[in-house]
Amino acid sequence: MKDALRDLISQALEKACADGVLSLERVPVAHLEVPRDPTHGDLASNIAMSLAKPAKMAPRAIAEVICERLDRSTDLLRDVEIAGPGFINFSFSDDAWRGRLLEIISAGDDFGSSRVGEGRRVQVEFVSANPTGPLHIGHGRGAVVGDALARVLAASGYDVDREYYVNDAGRQMEMLGQSVYARYLELCGRASEFPDEGYPGDYVIDVAKALRERDGDKWADAPEGEAVDAARSFGGDLLLERIRVDLAEFGIEFDCFTSEKALREDGTVSAATEELKKTQHLYEHEGALWFRSTGFGDDKDRTVVKSNGDLTYFASDIAYHRSKFTRGYDEIIDVWGADHHGYVKRVGAALEALGLDSKRFRVLLVQIVNLTRDGEPVRMGKRTGEFVELRQVVDEVGPDLARFFFLMRKADAQLEFDLELARRQTAENPVFYVQYAHTRIAGIFRQAEAKGVVLLEPSLGVAAALGNEDEIALIRTLNEFPEVVEGAAAAYEPHRVVFYVQRLAGEFHRFYTRHKCVTDDADLTAGRLLLVQAVKQVIGRALRLVGVSAPDRM
RNA sequence: GCCCUCGUAGCUCAGGUGGAUAGAGCACCGGCCUCCGAAGCCGGUUGCACAGGUUCGAGUCCUGUCGAGGGCACCA
């Protein structure tokens with residue numbers, strides 16, 4: 001409908017130019033949007049205002065010119081009016097809306113999908129937590145945002161891959177190895193000294209136990225270096241597996257896990273470093289090799305090769321991101337915790353230095369989750385050993401609530417998660433509000449079936465029974481869905497889908513209390529069933545789009 | 001000190017890429033089930049941190065001030 005209207009406006013503008021009442025170098029495409037205030041029609045255009053300057057005419061006069069030349073021979077429009085400083089407000093006819101309802105139903109679960117992505121390959125990298133411990137609630141937020149974003153992009157016609165980057169090389173893993181080794185020695189009844197910077201969490205003991213179960217006491221007498229290596233690789237594998245299971249139970253899966261260690265071992269990192277050396281953006285200082293990231297807007301230059309010859313983590317990062325380009329992705333999205341925001345510039349700088357288009361690289365920063373219990377902050381951190389694991393939270397409140405909750409804010413806003421409140425609200429919360437709308441509609445159909453109502457094939461004739469304000473308003477809201485999804489994809493803001501579905505559910509609940517669907521009037525019943533079927537379809541699709549279930553019974 | 005993200009109702013948060021009279025939920029008070037599930041609906045009070053600027057028009061863009069959180073390693 002929007003496209004049809006846009007065409008009508010373009011025609012009117014061209015006609016106006018031909019008539020000589022309007023002089024424009026080129027006819028612009030009208031921008032149409034749904035007005036906040038429903039009394040301002042179904043769609044509003046500000047085109048007259050934006051043309052005021054180039055056409056050297058008063059906005060309202062331009063609006064007049066357009067309206068006079070608008071083709072009204074079709075039954076698309078019911079009303080057109082000029083309002084305020086020069087808005088043109090369009091109202092569609094009820095017939096047009098009923099026709100739209102049928103289109104929505106026949107599109108089925110494809111309604112909401114689009115092809116704006118044009119099949120472009122996009123990679124979403126998210127979670128990417130070090131396999132040095134279980135996931136905590138902050139990772140959960142990143143996981144949910146990344147997953148929902150991937151789903152929204154896929155629905156918008158992108159070819160999406162989900163990737164997890166495993167930082168399994170470097171110091172953190174070394175500390176894990178030493179920590180596990182120390183616990184292992186304790187279990188074997190040997191003297192051990194727990195490393196100062198080690199991981200104190202109890203899970204490390206579990207890992208040590210598992211190692212001992214597999215290998216017995218053999219590492220207790222092995223050279224320490226070898227034993228720590230074994231502990232590290234065993235622990236890393238085990239913890240990564242545990243992360244994978246936790247995420248899978250949360251409904252999140254990845255297409256690909258890329259190992260930093262593998263990138264180092266197969267020469268990807270050194271190759272990227274060599275490549276960078278050719279660019280003149282590296283220089284030597286005090287025995288180390290530096291990247292001149294300040295040349296690309298960074299605060300300070302960054303080390304790539306330490307003076308002892310080791311490659312830094314940054315070197316791996318450069319190589320890893322370079323590999324994303326060579327793997328043929330058109331767009332690269334990283335979902336990072338906000339505490340890593342300092343790295344955005346330097347990675348972008350490195351890509352640019354390598355001659356890659358850093359505009360195709362985008363970082364979505366997910367802000368910190370402030371965990372509280374009855375308003376009191378809960379301290380977290382692997383270092384202190386006290387933190388709330390993601391799986392505890394998911395077990396406590398369920399995956400649907402956890403997901404929904406994380407998506408009720410935009411990613412770059414800080415979020416407070418109150419465990420006690422979440423637990424208490426389990427019976428009464430926004431997810432159930434939406435899911436309840438879905439089950440209510442399922443209930444309507446159960447009722448209809450019980451009463452022996454025969455469901456009719458969708459047709460204009462059946463839809464003809466619909467026409468009151470609430471019915472048309474509901475269709476109008478349904479119609480907004482594809483644009484919401486498109487907008488969410490374009491802005492990388494999956495939370496928009498969540499807000500939309502809450503609005504739709506609310507509108508349905510209101511409709512439900514005001515109007516009965518299964519009535520004595522067969523025509524009205526058929527029409528209303530058609531309408532609520534569409535509502536159920538869209539709520540279901542929207543919920544699944546953010547990974548939340550849409551049950552028929554609760 | 002420099003950088004990043006943010007500042008909207010008592011609290012938690014939206015505000016669709018600059019539009020018309022800024023919205024939800026929670027909380028508080030009062031109503032609504034002989035009728036498709038009351039996990040619902042209806043009614044009631046308050047707000048864009050502050051000061052400039054850009055233009056027909058700013059919660060939205062720019063600058064500054066104040067405030068919150070985070071980041072500023074040859075750590076990962």
| said: Once side-chain hydrogen bond (donor to acceptor under 3.5 Å, both in side chains) is applied, what residue pairs with a partner in residues 487-498 of chain A remain, sequence neighbours excluded? | reply: A:E331-A:Y492, A:E493-A:R496
| No-H, no-angle donor-acceptor pair, A:T312 side chain to B:C74 base, under 3.5 Å | no
| All pairs passing salt bridge (Lys or Arg N to Asp or Glu O under 4.0 Å) where residues 401-413 of chain A contributes a residue, at least two apart | A:D147-A:R403
| said: For Watson-Crick and G-U wobble pairs within 3.5 Å on both distances, what is RNA chain B written in dot-bracket notation, | included for inter-strand pairing? | reply: (((((((..((((.....[...)))).(((((.......)))))....(((((..]....))))))))))))....
| field | Spacing between A:R514 atom CZ and B:C36 atom P, to the nearest angstrom | value | 19 Å
| query | Please give, in whole Å, the distance from B:U34 P to A:K516 NZ? | reply | 13 Å
| request: Measure from CG on A:N308 to P on B:C75 and round the result to the nearest Å. | output: 8 Å
| task | Kindly say if A:Y436 contacts the phosphate of B:A38, meaning a side-chain N or O under 4.0 Å from OP1 or OP2. | result | yes
| request: Check the distance between B:A24's P and A:H509's NE2 and give it to me in whole angstrom. | output: 15 Å
| query | By salt bridge (Lys or Arg N to Asp or Glu O under 4.0 Å), which residues pair with A:R36, not counting sequence neighbours? | reply | none
| request: Can you sort out the partners of A:R528 under side chain to side chain donor-acceptor pair (under 3.5 Å), two or more places apart, ordered by chain and number? | output: A:E471
| Nearest-angstrom distance from the residue atom CG of A:L531 to P of B:C36 | 19 Å
| query | Within the pair A:K306 and B:A73, is there a side-chain N or O less than 4.0 Å away from OP1 or OP2? | reply | no
| query | For A:A491 and A:R302, take the nucleotide of RNA chain B holding the closest heavy atom to each; which residue's nucleotide lies nearer the 5' end? | reply | A:A491
| said: Between A:F361 and A:V347, does the side-chain contact (heavy atoms from CB on, under 4.5 Å) criterion hold? Intermediate values first, please. | reply: CA-CA 9 Å; A:F361 164 67; A:V347 174; 3.7 Å; yes
| query | With nearest nucleotides of RNA chain B determined for A:A490 and A:M173 from heavy-atom distances, which residue corresponds to the more 5′ nucleotide? | reply | A:A490
| query | Once each nucleotide of nucleotides 9-15 of chain B is scored for protein heavy atoms under 4.0 Å, what B/S/- sequence comes out, 5' to 3'? | reply | ---SSSS
| said: Please check: side-chain N/O of A:D42 versus main-chain N/O of A:F92, any donor-acceptor pairing under 3.5 Å? | reply: yes
| Rounded to whole angstrom units, what separation is found between the CD1 atom of A:I444 and the P atom of B:G40? | 16 Å
| Phosphate-side-chain proximity, A:Y433 and B:C26, N/O vs OP1/OP2 below 4.0 Å | no
Find every protein N or O atom lying less than 3.5 Å from an N or O atom of nucleotides 2-4 of chain B, and list the pairs.
none

| Short side-chain N/O contact to B:C36 OP1/OP2 from A:R440, under 4.0 Å | no
| request: With sequence neighbours left out, write down each residue that passes ring-ring contact (aromatic ring centres under 6.0 Å, His included) with A:Y433, or none if nothing qualifies. | output: A:H509
| task | May I have the distance from A:L311 (atom CG) to B:A73 (atom P), rounded to whole angstrom? | result | 20 Å
| said: Test of understanding: with side chain to side chain donor-acceptor pair (under 3.5 Å), list the residues that count as partners of A:E352, not counting sequence neighbours. | reply: A:S358
| field | A:H340: partners by ring-ring contact (aromatic ring centres under 6.0 Å, His included), with sequence neighbours left out | value | A:Y343
Under 3.5 Å, N/O pairs linking protein and nucleotides 54-57 of chain B:
unit_1: B:C56; atom_1: OP1; unit_2: A:K53; atom_2: NZ; d: 3.4

| note | Applying side chain to side chain donor-acceptor pair (under 3.5 Å) to A:W336 and not counting sequence neighbours gives A:D334
